[in-house]
Undergrad: 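I'd like to ask some things about the structure below.
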Amino acid sequence: MDLGERRISWAARAMPVLTAIGARFDDEKPLSGLTIAACLHVTAETAVLMGALRAGGARIALAASNPLSTQDDVAEALAGYDISVYARAGVDLGTYYRHIHQALDISPDLVLDDGCDLVNILHTERTDLLSRVSGGCEETTTGVIRLRQMAAEGALRFPVVAVNDTRTKRMFDNRYGTGQSTLDGIIRATNTMLAGKTVVVAGFGYCGRGVAERAKGLGARVVVTEVDPVKALDATLQGYEVMGMGRAAEDGDVFITVTGNRDVIRGEHLAVMKDGAILANAGHFDVEIDVRALDALGVEVHRGVRPSTDEYVLADGRRLLLLAEGRLVNLTAAEGHPAAVMDLSFSAEALAVAWLAKERAGLAPGVYDVPGEIDVEVARLKLAATGVEIDTLTAEQEEYLHSWRYGS
């Protein structure tokens, strides 16, 4: 067994729910005769998902959703699953988009996306394939934001299920997965001690909340920046300091962007940061930290001073450390979410794909929530796999919850 196969086998051991779904798919063949083009991070956990879909009868082509996140040994091992893989770590943007086009050459019935790049290309450059595509799934917050805008403008041509927006995904993946894996990437890249440091978290959604919690747990003083007053209030009530980035830029030791928006850290912020400040991004695209502004400020750039770490020397001698070229730090400097986290996210995605295969003919173009029963089933299966028992409602409790006639 080569390294890629060992990594996939190791991940599968921590993914009992998806493994069980794969066994069910192998019996039922809910995807028989369908072609799927996927644009996802090519990791061992993704390989387990691809295996489940392949067991369900689908023919699959897979491209990477990030130029730096591919695990090359896993990509090679996937060829043994009879899956076409177009991905390699460290490619330039031209090659990245060429790989997405190659995956689309399969003429898909269904698409899986992580960031909406594949769907975007379908609607702009590969419109010849749109009449065949009958549905899709989107895995990440950034992608869902883009898809909802497409739907609002009437541009989206097929139904897409927002897998990112399930309760299990937001709780387990976005909060706990992003929180742990982001700090894992920062620590691997810099070997810095977070205890006693001031960590600035830009964005207090589900992902930002998880990053803030994990940093606080490691002894950091956590500062939150936000544009949403409700989320900012939530952060203050949880005990975090909240301030604008202009002020936080002078104060922070480690900066983590996790907003889904661009130019969160700009030139005016970089100009006032401390010597040795660490810049990391946990949002999907490499636009949250203005790397072009950093290039303009730097009089010297020392590439690879640590793994996934570039040092920018400014005119006054201060040094700023950019991790993972401003791309996803958890998947570039580390291995992404633990397999136990992706077990839930990819189980929801697998079941959503099967639901789409059955219901797609009756769905109009638009963004759809994952059916609630799928979310509940994934949580139930995960609890069962970990030996956790929960209560069930009595007949009297069911009646009480479904009647308006009972009072105090």
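One is the number of the first residue; the rest follow in order along the sequence.
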Undergrad: Which pairs with one or both residues in residues 52-67 pass salt bridge (Lys or Arg N to Asp or Glu O under 4.0 Å), sequence neighbours excluded?
TA: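 Residue pairs with at least one partner in residues 52-67: Arg54-Asp82.
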
Undergrad: Looking at every non-hydrogen atom in both residues, tell me the closest pair between Thr35 and Ser107 and how far apart they are.
TA: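 Smallest heavy-atom distance, with atoms named: OG1-O, 3.0 Å.
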
Undergrad: Using a 6.0 Å cut-off, check whether atom CZ of Arg292 has over 12 heavy atoms from anything other than its own residue.
TA: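 Counting other residues, nucleotides and ligands, CZ of Arg292 stays at 12 neighbours or fewer.
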
Undergrad: Just by distance, do the side chain of Asp290 and the backbone of Asp263 share a donor-acceptor pair under 3.5 Å?
TA: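 Not confirmed, Asp290 side chain does not pair with Asp263 backbone.
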
Undergrad: Between CD of Glu138 and CG of Asp114, what distance do you get to the nearest 0.5 Å?
TA: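 If we round to the nearest 0.5 Å, Glu138:CD and Asp114:CG are 6.0 Å apart.
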
Undergrad: Apply salt bridge (charged side-chain N to carboxylate O under 4.0 Å, His left out) to Asp105 and list each qualifying residue two or more places apart in sequence or on a separate chain.
TA: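 In terms of salt bridge (charged side-chain N to carboxylate O under 4.0 Å, His left out), with neighbours along the sequence ignored, Asp105 is linked to Arg126.
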
Undergrad: Taking only residues two or more places apart in sequence or in another chain, which ones pass ring-ring contact (aromatic ring centres under 6.0 Å, His included) with Phe285?
TA: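 Partners of Phe285 under the ring-ring contact (aromatic ring centres under 6.0 Å, His included) test: none.
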
Undergrad: Take Leu270 and Met273 through the test side chain to side chain contact (heavy atoms under 4.5 Å, CB included) and record every step on the way to the result.
TA: CA-CA 5 Å; Leu270 298 167; Met273 286 182 180; 4.1 Å; yes

Undergrad: Among residues at least two apart in sequence or on other chains, which ones pass salt bridge (charged side-chain N to carboxylate O under 4.0 Å, His left out) with Glu28?
TA: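 With neighbours one apart ignored, the set is empty.
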
Undergrad: Scan for ring pair (Phe, Tyr, Trp, His ring centres under 6.0 Å) pairs involving residues 225-265, sequence neighbours excluded, and state none if there are none.
TA: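 Residue pairs passing ring pair (Phe, Tyr, Trp, His ring centres under 6.0 Å), neighbours aside: Phe204-Tyr240.
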
Undergrad: So how far is it from Thr142 OG1 to His284 NE2, rounded to the nearest 0.5 Å?
TA: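 The NE2 atom of His284 is 6.5 Å from OG1 of Thr142, to the nearest 0.5 Å.
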
Undergrad: Please set out all donor-acceptor pairs under 3.5 angstrom arising from side-chain atoms of residues 339-346, sequence neighbours excluded.
TA:
unit_1	atom_1	unit_2	atom_2	d
Asp343	OD1	Val17	N	3.4
Asp343	OD1	Leu18	N	2.8
Asp343	OD2	Val17	N	3.1
Asp343	OD2	Lys382	NZ	3.0
Ser345	OG	Asp173	OD2	2.6

Undergrad: Taking His269 for the side chain and Arg266 for the main chain, is one N or O donor matched with an acceptor at less than 3.5 Å?
TA: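 Looks like yes, one N/O pair under 3.5 Å.
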
Undergrad: Between Ser181 and His337, do the side chains contain a donor N or O and an acceptor N or O under 3.5 Å apart?
TA: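 Yes - a donor-acceptor pair under 3.5 Å links their side chains.
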
Undergrad: Indicate the atoms forming the closest heavy-atom contact of Ile106 with Ala103, along with that distance.
TA: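 Here Ile106 and Ala103 meet closest at CG2-O, 3.1 Å.
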
Undergrad: Tell me, please, which residues at least two apart from Tyr81 pass ring-ring contact (aromatic ring centres under 6.0 Å, His included).
TA: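 Counting only residues at least two positions away or on another chain, Tyr81 forms no ring-ring contact (aromatic ring centres under 6.0 Å, His included).
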
Undergrad: With sequence neighbours left out, write down each residue that passes side-chain contact (heavy atoms from CB on, under 4.5 Å) with Val301, or none if nothing qualifies.
TA: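 Checked Val301 against side-chain contact (heavy atoms from CB on, under 4.5 Å); matches are Arg303, Tyr312.
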
Undergrad: Can you tell me if Thr309 uses its side chain to pair, donor with acceptor, with the backbone of Ala189 under 3.5 Å?
TA: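 Checking the backbone N and O of Ala189 against the side chain of Thr309, a donor-acceptor pair under 3.5 Å is found.
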
Undergrad: Using the salt bridge (Lys or Arg N to Asp or Glu O under 4.0 Å) rule, collect all pairs that involve residues 66-77, keeping only residues at least two apart or in two chains.
TA: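 Listed by first then second residue: Arg7-Asp73.
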
Undergrad: Verify, without hydrogens or angle tests, whether Gln71 (side chain) and Ala44 (backbone) share a donor-acceptor contact under 3.5 angstrom.
TA: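 Pair found, side chain donor or acceptor close to backbone of Ala44.
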
Undergrad: Report yes or no: does Thr182 contribute a side-chain atom to a donor-acceptor pair with the main-chain N or O of Gly179 at less than 3.5 Å?
TA: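 No, Thr182 side chain to Gly179 backbone: no donor-acceptor pair under 3.5 Å.
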
Undergrad: May I ask you to decide if Ala271's main-chain N or O and Arg318's side chain share a donor-acceptor pair within less than 3.5 Å?
TA: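 Between the backbone of Ala271 and the side chain of Arg318 there is a qualifying donor-acceptor contact (under 3.5 Å).
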
Undergrad: Apply the side-chain contact (heavy atoms from CB on, under 4.5 Å) test between Leu147 and each candidate in Asn120, Leu156, Asp113, Asn164; give the one that qualifies.
TA: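 It is Leu156; the other options fail the test.
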
Undergrad: Are side-chain N/O atoms of Thr70 and Arg88 paired as donor and acceptor at under 3.5 Å?
TA: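 Judged by distance alone, the side chains do not pair up.
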
Undergrad: Set out, in order, the CA-CA distance, both residues' side-chain angles and the distance that settles side chain to side chain contact (heavy atoms under 4.5 Å, CB included) for Leu233 and Val230, then state yes or no.
TA: CA-CA 5 Å; Leu233 179 60; Val230 175; 5.7 Å; no

Undergrad: Keeping the roles fixed (side chain from Glu311, backbone from Arg319), state whether a donor-acceptor pair exists under 3.5 Å.
TA: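 Not a single qualifying donor-acceptor pair exists.
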
Undergrad: Between Ser9 (side chain) and Glu5 (backbone), is there a donor-acceptor pair under 3.5 Å?
TA: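 No, because the side chain of Ser9 does not come within donor-acceptor range (under 3.5 Å) of the backbone of Glu5.
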
Undergrad: Under 6.0 Å from the NZ atom of Lys358, do we count more than 12 heavy atoms belonging to anything else shown?
TA: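 At most 12 heavy atoms, drawn from other residues, nucleotides or ligands, come within 6.0 Å of this atom.
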
Undergrad: Around Ile390, counting heavy atoms of other residues, nucleotides and ligands shown, do more than 12 lie under 6.0 Å from its CD1?
TA: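 At most 12 heavy atoms, drawn from other residues, nucleotides or ligands, come within 6.0 Å of this atom.
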
Undergrad: Could you measure the distance from the NE2 atom of His101 to the CG atom of Leu118? Nearest 0.5 Å is fine.
TA: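 Nearest 0.5 Å value for the NE2-CG distance: 9.5 Å.
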
Undergrad: Answer yes or no: are there more than 12 heavy-atom neighbours, outside Arg157 itself, under 6.0 Å from its atom CZ?
TA: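 Incorrect, the count does not exceed 12.
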
Undergrad: For the CZ atom on Arg247, are there more than 12 heavy atoms of other groups (residues, nucleotides or ligands in this structure) within a distance under 6.0 Å?
TA: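 Count not over threshold, so no.
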
Undergrad: When you measure from the side chain of Arg175 to the backbone N and O of Arg209, does any donor-acceptor pair fall under 3.5 Å?
TA: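 Not confirmed, Arg175 side chain does not pair with Arg209 backbone.
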
Undergrad: Using the test salt bridge (charged side-chain N to carboxylate O under 4.0 Å, His left out), find all partners of Asp369 that sit at least two apart in sequence or belong to another chain.
TA: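 Testing Asp369 for salt bridge (charged side-chain N to carboxylate O under 4.0 Å, His left out), a comparison that skips the adjacent residues, returns Arg148.
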
Undergrad: Give a yes or no on whether the backbone of Leu323 and the side-chain of Ser308 come within a donor-acceptor separation of less than 3.5 Å.
TA: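 No; zero donor-acceptor contacts below 3.5 Å.
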
Undergrad: Could I get the full list of side-chain contact (heavy atoms from CB on, under 4.5 Å) partners for Val201, not counting sequence neighbours?
TA: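 Partners of Val201 under the side-chain contact (heavy atoms from CB on, under 4.5 Å) test: Val199, Val211, Ala212, Val222, Val258.
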
Undergrad: Ignoring hydrogens and geometry beyond distance, is a side-chain donor-acceptor pair present between Thr95 and Asp92 at under 3.5 Å?
TA: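 Side-chain D/A pair, Thr95 to Asp92: present.
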
Undergrad: Please report the closest heavy-atom contact between Ala248 and Thr225, naming both atoms and the distance.
TA: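 Closest approach of Ala248 to Thr225, heavy atoms only: CB-CG2, 4.1 Å.
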
Undergrad: If you look at every heavy atom in Ala364 and Pro159, which pair is closest and at what distance?
TA: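 In this case the closest contact between Ala364 and Pro159 is O-CB, 3.5 Å.
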
Undergrad: For the atom pair CD1 (Ile100) and CG (Asp117), what is the distance rounded to the nearest 0.5 Å?
TA: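 Spacing of CD1 (Ile100) from CG (Asp117) equals 5.0 Å.
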
Undergrad: Could you walk me through whether Asp234 and Gln238 pass the side-chain hydrogen bond (donor to acceptor under 3.5 Å, both in side chains) check?
TA: CA-CA 6 Å; Asp234 184 14; Gln238 292 192 43; 2.9 Å; yes

Undergrad: Taking the basic N atoms (NZ, or NE/NH1/NH2) and the acidic carboxylate oxygens, is any pair closer than 4.0 Å for Glu349 and Lys169?
TA: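 Salt bridge flag = no for Lys169 with Glu349.
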
Undergrad: Applying salt bridge (charged side-chain N to carboxylate O under 4.0 Å, His left out), name anything that partners Glu377, two or more places apart in sequence or on another chain.
TA: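 Expected list: Arg24.
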
Undergrad: List the steps, then state whether side chain to side chain contact (heavy atoms under 4.5 Å, CB included) holds for Tyr406 with Glu399.
TA: CA-CA 10 Å; Tyr406 294 100; Glu399 182 183 359; 2.9 Å; yes

Undergrad: Just checking Tyr206: does its OH atom have more than 12 heavy atoms from other residues, nucleotides or ligands closer to it than 6.0 angstrom?
TA: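 No - once you tally the heavy atoms of other residues, nucleotides and ligands closer than 6.0 Å, there are 12 at most.
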
Undergrad: Measure the CG-CG distance between Asp310 and Leu322 for me, rounded to the nearest 0.5 Å.
TA: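 Reported to 0.5 Å precision, the distance equals 6.0 Å.
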
Undergrad: For the pair Leu112 and Glu139, evaluate side chain to side chain contact (heavy atoms under 4.5 Å, CB included) and give the outcome as yes or no after the intermediate values.
TA: CA-CA 8 Å; Leu112 308 183; Glu139 174 71 17; over 6 Å; no

Undergrad: Using distance alone, with no hydrogens and no angle criterion, decide if Asp109 and Ser134 have a side-chain donor and acceptor under 3.5 Å apart.
TA: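 Note: Asp109 and Ser134 side chains miss the donor-acceptor criterion.
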
Undergrad: To the nearest 0.5 Å, tell me how far Leu294 CG sits from Ile289 CD1.
TA: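 Result: 8.5 Å between the selected atoms.
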
